[in-house]
Amino acid sequence: MTRPALAVFVSDAGGGAAHTGFDRAFNDFGKAARLFGVAIFVQKNAFTCGELGYFTGRLASEGLVAFAATNGPALMAGAGSTKPVYGTNPMSFAAPVEDGVPLVIDQSSSSTAFVNVRRAAEEGREIPAGWALDAGGRPTTDPVAAMKGALLAFGGNRGANVALMVEVLAAGLSGANWSLDAPSFESGAESPATGLFLLAIAPGLIDPQFAVRLKAQLDRLAFDYRVHVPGASRGKAGLLAKALGLDVPVDVVRRIAAFAERG
């Protein structure tokens, strides 16, 4: 871990987990954001980081507005291409909400996550049109053919442009592998060595009432206009679930308890 500037954190994951460097920098990263108003964390040489909202959500829980971007091995076609050139290249945004869970948006640049295509193949069902191309560059609804071809970006060229922007931030700034150069995470012994970019902003330095105002706006959207707000359960179904709890099969609880005892 290095700090070329007081508000800039640079991590080399050494081919390992993406979370370790973030965990090591977390406290100082947050302090820097609150002191300077903004802070940047970039990382290279990491295994794919999984749920990107984990990173932004943790920062939002500390009162910070956060934006994250990461790349992965090439799975998605670019604007005008028929071959995979980008990962699903997700981005995530999170913001603190007064007396509530943070707003967390976590979405890929592709029309769908690769895992959804693989699940459809395992279940023997078709995928929707517009999700993928086959190996010959033709649109397909066959998930097996799609796994040999390329995913498509959401919104056509606009989504592909977002994927490129994500890659510039995640791999370009950090010096990580471009998606085209990243080994597969499903086989072989090499880490994809991909990148992660995080921006943290201290909203209280600009508007001390930010979290209060955001809560009022999100409640207005959810209750008055029936807007689905990511990362929070503000609708009637969410309130009911909060009151009654969550139903979990007994065997699942027992398995979780068994894992906990091993740890």
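None of these values were measured; they are calculated from a predicted model.
Although no hydrogens or angles enter the test, the distance criterion places no donor-acceptor pair under 3.5 Å between the side chain of E167 and the main chain of N71. T140 places no side-chain N or O within donor-acceptor distance of the main-chain N or O of L133, the cut-off being under 3.5 Å. Within the 3.5 Å criterion, the main-chain N or O of I127 finds no donor-acceptor partner in the side chain of T141. For the pair N177 (side chain) and P192 (backbone), a donor-acceptor distance under 3.5 Å is present. The closest donor-acceptor contact from the side chain of S92 to the backbone of T56 lies at 3.5 Å or more, if one exists at all. A side-chain donor-acceptor contact under 3.5 Å links S61 to the backbone of G57. Between the side chain of S174 and the backbone N or O of A176, at least one donor-acceptor pair lies under 3.5 Å.
Among residues two or more places apart in sequence or in another chain, the side-chain contact (heavy atoms from CB on, under 4.5 Å) test is passed with T112 by N116, V117, W131. Remark: D12 engages N45 in a side-chain hydrogen bond (donor to acceptor under 3.5 Å, both in side chains) (not counting sequence neighbours). Under the side-chain hydrogen bond (donor to acceptor under 3.5 Å, both in side chains) criterion, R158 pairs with no residue, sequence neighbours left out. For the salt bridge (charged side-chain N to carboxylate O under 4.0 Å, His left out) test, residues two or more places apart in sequence or in another chain that qualify with R58 are D23. Applying the side-chain contact (heavy atoms from CB on, under 4.5 Å) test to E122 and every residue at least two apart in sequence or in another chain returns R118. A search for side-chain contact (heavy atoms from CB on, under 4.5 Å) contacts involving E98 returns A211, V212, K215, not counting sequence neighbours. Applying the side-chain contact (heavy atoms from CB on, under 4.5 Å) rule to V252 yields the partners V248, P249, I256; only residues at least two apart in sequence or on another chain are considered. By the side-chain hydrogen bond (donor to acceptor under 3.5 Å, both in side chains) test, R254 is found to be paired with no residue, residues two or more places apart in sequence or in another chain being considered.
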Start with the C-alpha gap between T70 and Q43, add the side-chain angles, then the distance that decides, and say whether side-chain contact (heavy atoms from CB on, under 4.5 Å) holds. CA-CA 9 Å; T70 188; Q43 181 171 257; over 6 Å; no
Going through the distances and angles, do K44 and V10 end up as a side-chain contact (heavy atoms from CB on, under 4.5 Å)? CA-CA 8 Å; K44 64 180 179 180; V10 179; over 6 Å; no
Pair L59, F29 - check side-chain contact (heavy atoms from CB on, under 4.5 Å), show working. CA-CA 9 Å; L59 291 167; F29 184 45; 3.9 Å; yes
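In this structure, M91 is a member of the same hydrophobic cluster as F197, with clusters built from ILVMFWY side-chain heavy atoms closer than 4.5 Å. Residue M165 is grouped with residue L199 when hydrophobic side chains (ILVMFWY) are merged at heavy-atom distances under 4.5 angstrom, including chains of intermediate members. With hydrophobic clusters built from ILVMFWY side chains whose heavy atoms lie under 4.5 angstrom apart, L75 shares a cluster with V168. Under the 4.5 Å side-chain heavy-atom criterion for grouping Ile, Leu, Val, Met, Phe, Trp and Tyr, F67 is connected to L173 within one hydrophobic cluster. Under the 4.5 Å side-chain heavy-atom criterion for Ile, Leu, Val, Met, Phe, Trp and Tyr, L198 and I201 are members of distinct hydrophobic clusters.
Of all non-hydrogen atoms in G72 and S179, the two that sit nearest each other are O-OG, 2.6 Å. Across every non-hydrogen atom of A170 and A69, the tightest pair is CB-O, 3.6 Å. The two residues L64 and P96 make their nearest non-hydrogen contact at O-CD, 3.5 Å. Between A202 and A33, the closest heavy-atom pair is CB-O, 3.5 Å. In this structure, A153 and G159 approach most closely via the heavy-atom pair CB-C, 3.6 Å. Shown here for V85 and S81, the closest heavy-atom pair between the two residues is CG2-OG, 4.3 Å.
Residue pairs meeting the salt bridge (charged side-chain N to carboxylate O under 4.0 Å, His left out) criterion with at least one partner in residues 142-156, sequence neighbours excluded, do not occur; the list is empty. Within the structure, every pair that satisfies the ring pair (Phe, Tyr, Trp, His ring centres under 6.0 Å) test and touches residues 36-61, not counting sequence neighbours, is listed here: H19-Y54, H19-F55, F22-F55. A ring pair (Phe, Tyr, Trp, His ring centres under 6.0 Å) check over residues 71-126, counting only residues at least two apart or in different chains, returns nothing.
Side-chain contact check for L152 versus S110: every heavy-atom pair is 4.5 Å or farther apart. Inter-residue side-chain proximity for V8 and R3 is flagged as unmet; no heavy-atom pair is nearer than 4.5 Å.
Checked by atom type, the side-chain pair S108/T88 shows no donor-acceptor distance below 3.5 Å.
Atom CE of M76 is separated from atom CZ of F154 by 8.5 Å, given to the nearest 0.5 angstrom. Residue L221 holds its CG atom at 12.0 Å from NE2 of H228, rounded to the nearest 0.5 Å. Here the CG-OG1 distance, from D181 to T194, works out to 12.0 Å after rounding to the nearest 0.5 Å. Atom CG in L196 sits 11.5 Å away from atom OG1 in T48 (nearest 0.5 Å). We find the CD1-CG distance between I105 and L52 to be 12.0 Å, quoted to the nearest 0.5 Å. Residue S184 holds its OG atom at 11.0 Å from CD of E190, rounded to the nearest 0.5 Å.
Tested against V97, the residues L214, V104, V229 include a single side chain to side chain contact (heavy atoms under 4.5 Å, CB included) partner, L214.
Cluster note: L205 groups with no other residue, as no ILVMFWY side-chain heavy atom lies under 4.5 Å from it.
Taking the charged nitrogens against the carboxylate oxygens, R220 and D224 have no contact shorter than 4.0 Å, which rules out a salt bridge.
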